[in-house]
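Computation of the quantities below employed the complete heavy-atom set of this structure, encompassing side-chain atoms and omitting hydrogens, waters and symmetry-equivalent molecules. So you know, we letter chains A, B, ... as the sequences are listed, proteins then strands, and number each from 1. Model, not experiment: these values are computed from the prediction.
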Amino acid sequence: MTDNTQQPEAGLQRAPADLPTQYAPAEVEGKLYERWVERGYFEADATSDKPPYTIVIPPPNVTGALHLGHAFQHTLMDALTRRKRMQGYEALWLPGMDHAGIATQNKVEQQLADEGRSRHDLGREAFVERVWQWKDEFGGRILGQMRRLGDGVDWSRERFTMDEGLSRAVLTIFKRLYDDGLIYRAERIINWCPRCLTAISDIEVEYQEDAGELVSIAYGEGEDRLVVATTRAETMLGDTAVAVHPEDERYRHLIGSRIKLPLTDRTIPVVADEHVDPEFGTGAVKVTPAHDPNDFAIGRRHDLPSLTVMDERGVITVHGPFEGLDRFEARSAIVGALREQGRIVAEKRPYTHSVGHCSRCRTTVEPRLSMQWWVKVEPLAKEAGDAVRDGRVTIHPADLSKRYFDWVDNMHDWCISRQLWWGHRIPVWYGPDGEMVCVGPDEEPPSGEGWTQESDVLDTWFSSALWPFSTLGWPEQTPDLKKFYSTDVLLTGHDIIFFWVARMMMFGLYAMDGRQPFHTIALTGLVRDEHGKKMSKSNPNSVDPLDWMDAYGADAVRFTLARGANPGADVPIGEDWVQASRNFANKLWNATRFALLNGATVDGPLPEAGALSASDRWILSRLNTVIAEVDAAYEDYQFAKASDLLFHFAWDEVFDWYVELSKTVFAAGGPAADASRRVLGEVLDRTLRLLHPIVPFVTEELWTTLTGRESLVVADWPVDTGFRDAAAEGELATVQKVVTEIRRFRADQGLQPGQRVPARLELDGTGLADHEEAMRSLLRLQPAGDGFEASATLPVAGAVVALDLSGAIDFAAERKRLEKDLAAAEKELKQTTAKLGNEGFLAKAPEPVVEKIRGRRDAAEADIQRITTQLDRLPRA
RNA sequence: GGGUGCAUAGCUCAGCGGUAGAGCGCUUCCCUUACAAGGAAGAUGUCACAGGUUCGAUCCCUGUUGCGCCCACCA
């Protein structure tokens, strides 16, 4: 539905007097959102003839609450879809949530722990059941908060990564990848979280500089003695070699020999490996293939055994004095024991180095040799890179594409198995004789004795990677999939390019036969506090957007976020800024109130240009310019620019000038007033439409009241009619200049703003005659009566304003100010004249620039003339 | 270690080869019949530093300094 078919509804329009002088968001937001949903405005129609416009929401964790980062991205996605809907697209913004494997399992395990139980007490099936219960009871709090924010999502299409359809998509693609040889099982060093008790992928590891201790330990005896350095002494129990660089003269004689490993009864070989940097430390490296990825690689090259010395909780399992100690306890115990033996050759020294932590629980990650499932990414990543390289997918802002390429071009295989219970269980069955069968979605698992299913589940991001098409019904060829895939924009933070964006690209291109999951990747920055500090859940500076929405309204939060949304850049936000946005909403409110009180009209055609005053033509000309500029900003994802343009157009031009000028016109009445009423209605109507995608609530409330129509959500987006009137724009600029100049004079003279002053305006030849009444009103100038005696005469922009100030003013101050202005004007004249005398400039500068400089020179000349006249007329003190 | 970005008004940030901008904050005056969540007027910047290119540089190039971010298997 568009507003062409929208008729004023009886009873919807309120009497203007009903509008209070302040906007109360709480009273309208909830009501309006309910109405939008009830009327189905956000429900997309797969059978419509309109062109589709699709955005799938980055699914928030089912455990999550709305934080400012969500609020930010949701505001932008909402603005995009709302605008496209108004432009006549079949706009779909598809919502949903992610099952968030580790996070959710942790929540429920915590719950069980409070009851003194563990998941093992329940068993797998009951535990998973319990997680579903948890989801029903506590999950999805964020969905309500999204309504609060005004997210225009299609709730009828809400999805969950663990729901039936999406699970089927997961099984389908797993099977296909498996059959194509792109999923395999292998034993490797992985990142293990000893608290979550699962493998995690490389990007789920967050590195931070930790203070550690680098100890140097003497291995071997006598001639064979050799010193290695380590920060993880406990891993020496699993050493199966010492490696040195093959060219290193210091150790050449030892290569191939075996040396005694302290604290054990084992001897280990000395091997030569190019990987060792002879410059670093002692040039000799202990090799623990089971507990370090580098060492694992060295072990491979030299056929070394791997000795696992810890269990999954990081507890030492090697028989002997250290057995049963936690890895950190074992570290100090072992260093102590070595010291007693005199094997610590360099005392411990502080050493900060980069240590990996589990992104979910901050526990120090333990590299661990283990059997896991992997996606072979090479062919998939190649496609994902090419799709951007060949322009099928565009990244905004473009400079972030380098980061994308760096990743996809150097991607390691993806570890997709997790030792959890909550998630998509890997559909592979093991037979009694070591057989391995991958079971597709429509297949029965093998029956018979001894067949068991793989117990691991898939990484949460595996199902997230399918989101742009699994949510539309894939693998079925549904009408939704046909209509809405590929999606148009993926808008998300640049921090999950690797986690999510690249993987959606890989799986989307693979599953949809080369059709990209989205045309555009719009990357946003992160929300920060008012001083640019990162906001995160763990930081005390973190703000709950709900609090701000309660205090200032959802629109205020949205507008603030949109105004901060420079492409790819981080967004600082502080409460002051939300207040400023709230003030803007209130300003809109009162401007509309003014329009209603003065009978602004929105129906019927605009009067012909000939029937319009200069200010009418000026504001319409500006309106159309702004429409074009806002469109351009949107097309380039420049939300800050679009918001800022509208903010300043509405406030600085429409409200501060057009509305003020119109007061005089309305007071005079007649056809001119009727025309202005229509223009004011038009400008307000269009401005509210333009603002609606960003601040949907207040604009809806005002627009429906102003127009009596059903809803702005389904109204038409304004189109630039092409109307421009440079002459009117120039004329109004002059009016503003004169008014501002005289106001300045008044202020300088200490006149009260409301004080009426007798004045005579000489406007002959200025073209401003039509504006005399308006200027008098804006300047509080009374007509010059009998006995008028001009004590100040100010020529401004060709006009002359003579004021009778009864001699009660400080002309010395005015003289001083004018002399300052004169000096500035003379300097300007000198500069511009010099420039215009410069042959190089005249020869090389483009004509418009030269023209501009000439204009400046002429203006300076005129200013000098004016100021001189003004000075001459100024009475001597 | 490798990339990459930033340094502009008190704060947070736009701008980007041709007279320095916004919001907030600040100063003064004003409850002027839409709005004090408001109005009017005003102050505030060697656009980090040093060179270079150009008729002209906050903007382009080089270097320096200081921050930030991303990636990386430095024992």
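Residue A/Val659 is in base contact, counting any heavy-atom pair closer than 4.0 Å across all strands shown. Counting any heavy atom pair closer than 4.0 Å across all strands shown, A/Glu660 reaches a base atom. In this structure, A/Ile189 reaches neither bases nor backbone, as no heavy-atom distance under 4.0 Å exists between it and the strands shown. Residue-level contact check: A/Lys852 touches the backbone only, with heavy atoms under 4.0 Å from sugar-phosphate atoms and none from bases. No engagement by A/Asn598 is indicated, since no non-hydrogen atom pair under 4.0 Å with the nucleic acid exists. Here A/Arg563 lies in heavy-atom contact (under 4.0 Å) with sugar-phosphate atoms only. At a threshold of 4.0 angstrom between heavy atoms, the contacts of A/Tyr552 with the nucleic acid are absent. In this structure, A/Thr740 reaches the sugar-phosphate backbone alone: every heavy-atom distance under 4.0 Å involves primed, P, OP1 or OP2 atoms, never a base. If you check every strand for non-hydrogen atoms under 4.0 Å, A/Asn586 touches a base. Residue A/Pro846 is classed as a base contact, given a heavy-atom separation below 4.0 Å to a base. Backbone-only contact: A/His648 has heavy atoms under 4.0 Å from sugar-phosphate atoms and none from a base. Heavy atoms of A/Asp277 sit under 4.0 angstrom from at least one base atom.
Using atom P as the reference point in both B/rA72 and B/rA9, the two lie 36 Å apart (nearest Å). Across the C1' atoms, B/rC26 and B/rG18 are found 32 Å apart, a figure rounded to whole Å. Nucleotides B/rC69 and B/rC13 have their P atoms positioned 13 Å apart, rounded to a whole Å. As rounded to the nearest Å, B/rG52 and B/rA57 have C1' atoms that lie 11 Å from one another. Between B/rA40 and B/rU33, the two P atoms lie 15 Å apart (nearest whole Å). Remark: the separation of the P atoms in B/rG51 and B/rC74 is 41 Å, to the nearest Å.
No salt bridge links A/Arg327 with A/Glu234; every basic N to acidic carboxylate O contact stays at or beyond 4.0 Å.
Between the CZ atom of A/Arg854 and the C1' atom of B/rU19 there is a distance of 17 Å, rounded to whole Å. Atom CD of A/Glu206 is separated from atom C1' of B/rC70 by 13 Å (rounded to the nearest Å). Nucleotide B/rG1 holds its P atom 19 Å from the CG atom of A/Asp406, rounded to whole Å. Taking atom CZ of residue A/Arg817 and atom P of nucleotide B/rU28, one finds them 20 Å apart after rounding to whole Å. Put simply, CZ on A/Phe584 is 12 Å from P on B/rG38, counting in whole angstrom units. As rounded to whole Å, 15 Å separates atom P of B/rA75 from atom OH of A/Tyr219. Between A/Asp570 atom CG and B/rC67 atom P the separation is 19 Å, expressed in whole Å. Distance, A/Phe72 CZ to B/rC13 P: 13 Å, rounded to whole Å.
Remark: B/rA50 base-pairs with B/rU62; criterion is Watson-Crick or G-U wobble with both hydrogen-bond distances under 3.5 Å. With a cut-off of 3.5 Å on both pairing distances, B/rC73 has no Watson-Crick or G-U wobble partner at all. The partner of B/rC29 is B/rG39, judged by Watson-Crick or G-U wobble contacts that both fall below 3.5 Å. Remark: B/rU12 base-pairs with B/rA22. Criterion, Watson-Crick or G-U wobble with two distances under 3.5 Å. The partner of B/rG5 is B/rC67, by the rule that a Watson-Crick or G-U pair needs both atom distances under 3.5 Å.
For A/Arg403, no side-chain nitrogen or oxygen approaches OP1 or OP2 of B/rC70 to under 4.0 Å. Contact check, A/Lys402 against B/rG3: no side-chain N or O comes under 4.0 Å of OP1 or OP2. At the phosphate of B/rC29, neither OP1 nor OP2 sits under 4.0 Å from any side-chain N or O atom of A/Gln752. The side chain of A/Lys587 contributes an N or O atom lying less than 4.0 Å from OP1 or OP2 of B/rG39. Distances shorter than 4.0 Å separate some side-chain N or O of A/Trp651 from OP1 or OP2 on B/rG39. Dashed line: the shortest gap from a side-chain N or O of A/Asn583 to OP1 or OP2 of B/rC35 is not under 4.0 Å.
Residue-environment remark: CD (A/Gln755) exceeds the threshold of 12 foreign heavy atoms within 6.0 Å.
Ring geometry for A/Phe666 versus A/Phe594: interplanar angle of 30 to 60°, hence tilted.
Distance from the side chain of A/Trp577 is smallest to B/rU12 among B/rG39, B/rA34, B/rU12. For A/Glu828, whose side chain is taken as the heavy atoms from C-beta onward, the closest listed nucleotide among B/rU19, B/rA22, B/rG18 is B/rU19. Counting only heavy atoms from C-beta on, A/Thr231 has its side chain closest to B/rA75 among B/rA75, B/rG39, B/rA34. Counting only heavy atoms from C-beta on, A/Arg744 has its side chain closest to B/rG42 among B/rC70, B/rG42, B/rU12. Comparing B/rG18, B/rC71, B/rC24 by their nearest atom to the side chain of A/Phe841 picks out B/rG18. For A/Arg528, the listed nucleotide lying nearest its side chain is B/rC69; candidates were B/rC55, B/rC69, B/rC35.
Between the base of B/rA40 and the side chain of A/Arg743 there is no donor-acceptor pair shorter than 3.5 Å. The base of B/rA37 lies close enough to the side chain of A/Gln22 for a donor and an acceptor atom to sit less than 3.5 Å apart. Put simply, the side chain of A/Glu741 and the base of B/rA41 share no donor and acceptor less than 3.5 Å apart. Between the side chain of A/Asn294 and the base of B/rC73, at least one donor-acceptor pair of N or O atoms lies under 3.5 Å.
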(request) Starting from the C-alpha separation in whole Å, work towards a yes-or-no answer on side-chain contact (heavy atoms from CB on, under 4.5 Å) for A/Arg746 and A/Val757. (result) CA-CA 10 Å; A/Arg746 289 184 53 126; A/Val757 175; 3.8 Å; yes
(request) Take A/Leu781 and A/Met775 through the side-chain contact (heavy atoms from CB on, under 4.5 Å) test and state the conclusion after the steps. (result) CA-CA 8 Å; A/Leu781 301 178; A/Met775 289 197 294; over 6 Å; no
(request) Go through A/Asp863 and A/Arg856 one step at a time and tell me if the salt bridge (charged side-chain N to carboxylate O under 4.0 Å, His left out) criterion holds. (result) CA-CA 10 Å; A/Asp863 280 348; A/Arg856 274 172 51 196; over 6 Å; no
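Side-chain contact check for A/Val850 versus A/Phe841: some heavy-atom pair is nearer than 4.5 Å.
With 3.5 Å as the limit, one finds no donor-acceptor pair spanning the side chains of A/Lys835 and A/Thr833.
Across A/Trp548, A/Tyr552, A/Phe584, A/Phe697, a single residue satisfies ring pair (Phe, Tyr, Trp, His ring centres under 6.0 Å) together with A/Phe559, and that is A/Phe584.
Heavy-atom distances to RNA chain B give each of A/Tyr23 and A/Arg232 a nearest nucleotide, and the one nearer the 5′ end belongs to A/Tyr23. Sequence order on RNA chain B of the closest nucleotides to A/Glu839 and A/Phe498 puts A/Glu839 first from the 5' end.
Closest approach of A/Leu561 and A/Val527 over heavy atoms only: CD2-CG2, 4.5 Å.
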